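I have placed the structure first, in the form of structure tokens, so that the comments after it can refer back to it.
Keep in mind the model is a prediction, meaning the values are calculated, not measured. Heavy-atom basis, side chains included; hydrogens, waters and symmetry copies ignored.
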Amino acid sequence: VAKLINIIMIKGKKSLADVPNPTRAMQLAAVRNNFKELQHIPNPCEEVQLAAIADRCYNYDQPPISFIVRPTEAAQLLSVQTNAATIRHIKNPPESVRMAAVQRAGSVLEHIEPPWSLELQLAAVSNDGSAIRFIPDACARVRLAAIRDEPLAIQFLQDPTEEEQIAAVQLNPWALKHIKAPTEEAQLAAVTMSEAIIQNIKHPSKAVQLAAVKQNPRAWFHIKNPSKEVTLAALARDGTIINGVSGHTEEMRLVAVRQNGLALEHIQNASEQVEIEAIRQNWKAIQFVMNPSAEVLREFLREYVAHSVMHA
């Protein structure tokens with residue numbers, strides 16, 4: 001027997017096809033050397049099945065399990081635990097095998113015949129949120145579980161609820177790009193996480209615009225036709241934005257220089273009041289005043305002296 005086993009183990013020399021009634025030892029030696037020897041074993045025992053499958057489920061179009069007509073549950077489990085995709089080669093796998101497969105790779109749900117239990121669906125989307133695309137009639141619990149694993153999975157949901165939209169953008173604000181008609185609350189949640197997302201909102205409400213510039217005033221540049229109120233809110237946080245405001249009003253100029261006196265650089269033909277306010281905020285703004293009035297010069301001297309005394 002030992003001699004026969006050694007012969008069988010020599011690759012390319014012998015096959016179980018040439019051995020009548022091979023013993024279990026021969027079968028084990030053969031499948032450990034080449035799992036395809038399974039095709040020459042009509043009813044391999046579980047030990048032989050497991051020996052053939054062990055660490056041999058990758059990079060094969062035909063994994064070991066595909067050569068076993070009636071694999072045991074243990075053999076099925078070992079196969080999907082090694083490579084979840086091998087479940088497509090198993091006919092009518094029990095729930096334990098189905099569960100083991102999706103827990104390893106949720107996307108293999110595609111290869112499992114429905115109906116699927118709630119537990120199986122939850123396990124699949126919790127491993128891979130995008131597996132929700134295979135569950136057209138998923139319940140709210142499964143949909144939320146999918147979003148929590150992968151916020152971008154919201155793109156696979158028909159008519160996502162506001163709760164689902166908010167859950168997605170709070171985890172990844174860019175998920176908003178995949179929502180056809182996001183609610184205002186979802187938009188607010190998204191811009192609060194990342195103000196830059198406002199560039200992907202077609203018609204953001206005033207509240208959404210204000211939330212964005214509050215988060216980062218430079219989000220103003222991503223807003224088409226911002227209102228006066230939104231512009232003033234942005235300028236109150238970053239006066240230099242005045243450089244991008246066309247037709248800015250006196251009120252806008254004053255708000256800008258009160259926030260940052262050096263914003264005066266971007267204001268042509270500034271009024272005396274704007275120049276004074278700019279210098280009060282930062283005495284160095286005097287450099288942007290072409291022809292300072294007496295009042296502007298007095299304000300500059302007051303601020304310069306106060307600054308010098310403070311830093312003496």
Side-chain angles (χ1 to χ4, degrees), residues 5 8-12 14-17 22 24-138 141-143 145-153 155-156:
I5 292 174
I8 291 169
M9 289 179 69
I10 300 174
K11 190 175 181 179
K14 278 287 184 178
S15 166
L16 284 184
R24 179 178 297 186
M26 293 177 184
Q27 294 176 25
L28 286 169
V31 299
R32 284 171 178 156
N33 181 61
N34 183 355
F35 68 79
K36 291 186 178 180
E37 288 295 318
L38 280 168
Q39 63 191 309
H40 305 303
I41 308 173
N43 295 297
C45 67
E46 184 170 86
E47 183 183 6
V48 172
Q49 292 182 30
L50 294 174
I53 292 169
D55 300 322
R56 294 180 175 86
C57 291
Y58 289 103
N59 302 321
Y60 291 107
D61 293 329
Q62 292 181 301
I65 199 79
S66 66
F67 292 96
I68 305 173
V69 177
R70 287 179 292 278
T72 66
E73 184 172 341
Q76 294 178 43
L77 281 169
L78 179 60
S79 183
V80 300
Q81 286 168 349
T82 306
N83 182 354
T86 61
I87 197 166
R88 58 186 165 179
H89 298 284
I90 303 173
K91 294 181 180 179
N92 304 315
E95 184 71 2
S96 61
V97 174
R98 290 150 64 107
M99 186 65 74
V102 299
Q103 285 175 338
R104 185 169 180 82
S107 61
V108 300
L109 187 69
E110 179 185 14
H111 304 297
I112 300 175
E113 288 293 324
W116 305 307
S117 67
L118 174 61
E119 291 72 20
L120 189 72
Q121 294 178 45
L122 286 169
V125 300
S126 295
N127 174 271
D128 182 354
S130 64
I132 192 70
R133 66 188 186 276
F134 305 123
I135 314 174
D137 56 348
R141 186 178 169 191
V142 173
R143 288 160 64 107
I147 289 170
R148 290 189 183 107
D149 176 76
E150 174 48 81
L152 298 182
Q155 64 188 292
F156 303 117

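What you find for Ile132 and Arg143 is that their closest heavy atoms are CD1-CA, 4.2 Å. Across every non-hydrogen atom of Gly129 and Glu150, the tightest pair is CA-CB, 4.0 Å. Looking at every heavy atom in both residues, Ala105 comes nearest to Ala84 through CB-CB, 3.8 Å. Nearest approach of Gln49 to Pro71, heavy atoms of both residues: OE1-CA, 3.2 Å. Across Pro44 and Gln27, no two heavy atoms sit closer than the pair CA-OE1, 4.5 Å. Val125 approaches Asp149 most closely through the heavy-atom pair O-CB, 3.3 Å.
Under the side chain to side chain donor-acceptor pair (under 3.5 Å) criterion, the residue pairs touching residues 106-127 are Glu95-Ser117, with sequence neighbours excluded. The salt bridge (charged side-chain N to carboxylate O under 4.0 Å, His left out) pairs that include a residue from residues 45-54 are Arg24-Glu47, where partners are two or more places apart or lie in different chains.
A donor-acceptor pair is defined here as one N or O able to donate and one able to accept, closer than 3.5 Å; no such pair exists between the side chain of Gln103 and the backbone of Ala123. Under the 3.5 Å distance criterion, the side-chain polar atoms of Glu73 are left unmatched by any main-chain donor or acceptor of Val97. Side-chain atoms of Gln76 do not come within 3.5 Å of backbone N or O of Pro93 as any donor-acceptor pair. For the pair Ser79 (side chain) and Thr86 (backbone), a donor-acceptor distance under 3.5 Å is absent.
Contacts of Asn43 classified as side chain to side chain donor-acceptor pair (under 3.5 Å), with partners at least two apart in sequence or in another chain: Arg70. Every residue was checked against the side chain to side chain donor-acceptor pair (under 3.5 Å) condition with Gln39, not counting sequence neighbours, and none meets it. With sequence neighbours left out, Phe67 forms a ring-ring contact (aromatic ring centres under 6.0 Å, His included) with Phe35. Here Ser130 pairs with Asp128, Arg133 under the side chain to side chain donor-acceptor pair (under 3.5 Å) rule; sequence neighbours left out.
In this structure, the separation between CE on Met26 and CG on Leu16 is 8.5 Å, given to the nearest 0.5 Å. Between the CZ atom of Arg98 and the CD1 atom of Ile112 there is a distance of 5.5 Å, given to the nearest 0.5 Å. How far OG1 of Thr82 is from CG of Leu77: 10.0 Å, rounded to the nearest 0.5 Å. Atom CG of Leu109 is separated from atom CG of Leu120 by 6.0 Å, given to the nearest 0.5 angstrom.
Residues Ile65 and Val80 form no side-chain contact, since every pair of their non-hydrogen atoms from C-beta on lies 4.5 Å or further apart. Looking only at side-chain heavy atoms (C-beta outward), Val48 and Leu38 come within less than 4.5 Å of each other.
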Exercise for the section: Check the pair Ile68, Ile53 against side chain to side chain contact (heavy atoms under 4.5 Å, CB included), reporting the backbone distance first and the verdict last. Expected result: CA-CA 10 Å; Ile68 305 173; Ile53 292 169; 4.2 Å; yes

